[in-house]
There are 2 protein chains.
Amino acid sequence: MSETTPALPREVTLEVRDRCLCFRAQRGARALGRRFDIALKPVGLTNGQFSILMSLNRPEPPRISDLAPFLAMDRTTLTAALKVLERRGLVESAADAEDKRGKRLRLSPRGHAILHEAMPIWRREHDAVEAALDGMDLETLKAALMKLGEL
Amino acid sequence: MSETTPALPREVTLEVRDRCLCFRAQRGARALGRRFDIALKPVGLTNGQFSILMSLNRPEPPRISDLAPFLAMDRTTLTAALKVLERRGLVESAADAEDKRGKRLRLSPRGHAILHEAMPIWRREHDAVEAALDGMDLETLKAALMKLGEL
DNA sequence: CATAATTAAGTTGATATCAACATGACCGAG
DNA sequence: CTCGGTCATGTTGATATCAACTTAATTATG
């Protein structure tokens, strides 16, 4: 006993700091999410709500379990998020006629309207972010992030 | 009143789907975080806890407000996360001798030990993720994510 | 058709995230 | 020295995140 644990060498920490994609992804996602949260605040949406509402704009109303993999989001997280959006009247849900286990989700008129309001903000903010990434290869970034989302 | 809101055109949704970095970053970060959470479970750490502990391994014990910008994390989020790590005895804190407002954070011996245990897992997992990104330009990805974290 | 396996959702409990607000410590101007 | 501004941190309330468990409906098997 009383065996002294050696301190984790500083070089190991620097190896992680230099390589870790997970850390960088969390960090970048937090910062970007915060930025869009602030920008979208005037219309009363968070970046996540904006993405969820946008993903509901489909010809065929999706079910929760269709959306979860698309958003790479846990199904139960989505359930909780939708509860808020339904309460606010932005999303409507109805039991699937074909399969009573399922639930079909669609944008309400107010849901459409709020997205309309949000679009100019999204465009302005997105342009600003792209400008800040000045010169970096956007296509590589987008492709890599999509790939990560499919892990 | 009763002015019918036009549905958000499908093309607008497709524009967002095609371009939105925020959506892709959240999605990728969720998937990647989940993956590391699962891999690190045997040692009892989440990806975020791993990153926080790792960022504490510095010659000079940092304060909360030094770490928050480094992690691009809200200060109060960090406070909450540290509470858990302190409770588990992985992190120790002490009031800054020079400035009693501040608090210096450092890894306990158990904190060092758990990082030791986590390292082989992190290496294996990170190698696997890099392999899955097969051929994509890692340096561009890392640089872009760092840049996003500084927004 | 009856029962087992599967599938879609919901619930619970723990942590994560952040804005808004509150407290106490430091510091500079007068 | 003291008062006003700033700084470091903490607290609260709302939502986000996910694993584990539960319920109800469907499907597959014998």
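Chain naming here is simple, since letters A, B, ... match the order of the sequence lines and numbering starts at 1 in each. What you are looking at is a predicted structure, and each value in this text was computed from that prediction instead of being measured.
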Item to check | Donor-acceptor contact present, side-chain A:Asn57 to main-chain A:Leu107, <3.5 Å | outcome: no
Checklist entry - Starting at CD of B:Glu86 and ending at P of C:dT15, how long is that distance when rounded to a whole Å? => result 14 Å
Checklist entry - Contact class for B:Arg87 (heavy atom, under 4.0 Å): base, sugar-phosphate, or nothing? => result sugar-phosphate
Next on the checklist: Is it the case that the side chain of B:Gln49 and the backbone of B:Thr46 share a donor-acceptor pair, with hydrogens and angles ignored and the cut-off at 3.5 Å?
Outcome noted: yes
Checklist outcome for this item: Between CD1 of B:Ile64 and C1' of D:dT11 the distance, given in whole Å, is 13 Å
Next on the checklist: For A:Phe36 and A:His126, take the angle between the two ring planes, folded into 0 to 90°, and tell me which bin it lands in: parallel under 30, tilted 30 to 60, perpendicular over 60.
Outcome noted: tilted
Checklist entry - With distance as the sole criterion, do the side chain of A:Arg101 and the base of C:dT7 form a donor-acceptor contact below 3.5 Å? => result yes
Item to check | A:Ile38 vs B:Leu82, nearer the 5' end of DNA chain C by closest nucleotide | outcome: B:Leu82
Next on the checklist: Need one value for B:Asp99: base, sugar-phosphate or nothing, where a base atom within 4.0 Å counts as base even if backbone is also close, heavy atoms only.
Outcome noted: sugar-phosphate
Checklist entry - Is there a side-chain polar atom (N or O) of B:Lys103 under 4.0 Å from OP1 or OP2 of D:dG10? => result yes
Checklist entry - Tell me: CZ of B:Arg63 to C1' of C:dA25, nearest whole Å? => result 13 Å
Item to check | Whole-Å gap separating C1' (C:dC18) and CG (A:Asp37) | outcome: 8 Å
Checklist entry - Is there a donor-acceptor pair under 3.5 Å between the side chain of A:Arg106 and the backbone N or O of A:Glu60? => result no
Checklist outcome for this item: Numerically ordered, the residues 26-35 of chain B set in heavy-atom contact under 4.0 Å with DNA chain D is B:Arg30, B:Arg34
Checklist entry - Between B:Lys147 and A:Gly28, is there a donor-acceptor pair closer than 3.5 Å when you use the side chain of the first and the backbone of the second? => result no
Checklist entry - When you measure from the side chain of A:Arg101 to the backbone N and O of A:Asp96, does any donor-acceptor pair fall under 3.5 Å? => result no
Next on the checklist: Give the residues of residues 65-80 of chain A touching DNA chain C, defined as any heavy atom closer than 4.0 Å, sorted by residue number.
Outcome noted: A:Ser65, A:Arg75, A:Thr76, A:Thr79
Checklist entry - Has the side chain of A:Asn47 got a donor or acceptor atom that lies under 3.5 Å from a matching backbone atom of A:Asp37? => result no
Checklist entry - Rounded to the Å, how far apart are A:Lys100 NZ and D:dT27 C1'? => result 15 Å
Checklist entry - Between A:Ser51 and B:Gln26, is any side-chain donor less than 3.5 angstrom from a side-chain acceptor? => result no
Checklist entry - Looking at DNA chain D, which of residues 41-54 of chain B put a heavy atom within less than 4.0 Å of it? => result B:Lys41
Checklist outcome for this item: Closest non-hydrogen contact found for B:Phe23 with A:Leu71 is CE1-CD2, 3.5 Å
Next on the checklist: Looking at B:Leu90, is its backbone amide N or carbonyl O close enough to the side chain of B:Arg110 to form a donor-acceptor pair, meaning the two atoms are under 3.5 Å apart?
Outcome noted: no
Checklist entry - For A:Phe70, is the NZ or CZ atom of A:Arg63 found under 6.0 angstrom from the centre of its six-membered ring and inside 45 degrees of the ring axis? => result no
